[in-house]
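For ligands, and for the atoms within them, numbers begin at 1 and follow the listed sequence.
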Amino acid sequence: MVYKLPELPYAYDALEPYYDEETVRLHHDIHHKGYVDGLNQAVSKLAEARAASDFALIKHWERELAFHGAGHVLHSLFWNNLSPSGGGAPQGVLAQRINQDFGSFTAFKKHFSAATVAVEGSGWGLLVWNPYAAKLDIMTTEKHQNLSIWGVTPLLVCDVWEHAYYLKYQNKRAAWVEAWWNLVNWQDVEGRLAKAKNK
Ligand code: MN
């Protein structure tokens, strides 16, 4: 298998009380694993299609590749963006960049929360590095892969699929997003920004 489910960088219960153990366990072990399995299946089916020179189902498997591939990438980022000792506000270069591109941390946080809560259906809020303008942008995606600009690098992502929050927060997506801020690992986000800018 080409892709593997990454281990969580902390214990299942480490993000309590903001993120409950049962949801983290299901989200990682079942949902994220499902994207890894789906991605490996798409890779293997596309190889079979090439070998047989049979492209009758090409549209289906290319869609599966995009959906599960984007799902795997975003979930891997999501887990690493969080930390039991997260929260607060960013420091240093990331803080300066956020002030420069969004006016202030408060304005950034309000914009990110509003955009993320407003995602239609299942999707994500994302802070991205946009290399074309050399600045940070806030984006949203429906499902895992729709509405993106090619080539931007996601730095911080918030999952607002119902599977990410429904057990604890039910229909209160805004309450989940508000709780999620308490877990953000700003050092991880700053490290990703440094790498993205040097690409
Ligand atoms: Mn998810």
Between Trp161 and Phe67, what is the ring plane arrangement, given parallel below 30°, perpendicular above 60°, and tilted in between? tilted
Which pairs, with at least one residue in residues 110-120 and sequence neighbours excluded, count as a salt bridge (Lys or Arg N to Asp or Glu O under 4.0 Å)? none
Look at the side chain of His75 and the backbone N and O of Gly71, then say whether any donor-acceptor pair between them is shorter than 3.5 Å. yes
Polar protein atoms (N, O or S) that approach the Mn ion (ligand 1) to under 2.8 Å: His27 NE2, His75 NE2, Asp159 OD2, His163 NE2
Quick test of your reading: applying salt bridge (Lys or Arg N to Asp or Glu O under 4.0 Å), list the pairs with at least one residue in residues 179-197, sequence neighbours left out, ordered by first then second residue. Asp188-Arg192
Applying ring-ring contact (aromatic ring centres under 6.0 Å, His included), which residue pairs with at least one partner in residues 36-65 are found, sequence neighbours left out? none
In this structure, CG of Leu94 is separated from CG of Leu127 (nearest 0.5 Å) by 7.0 Å
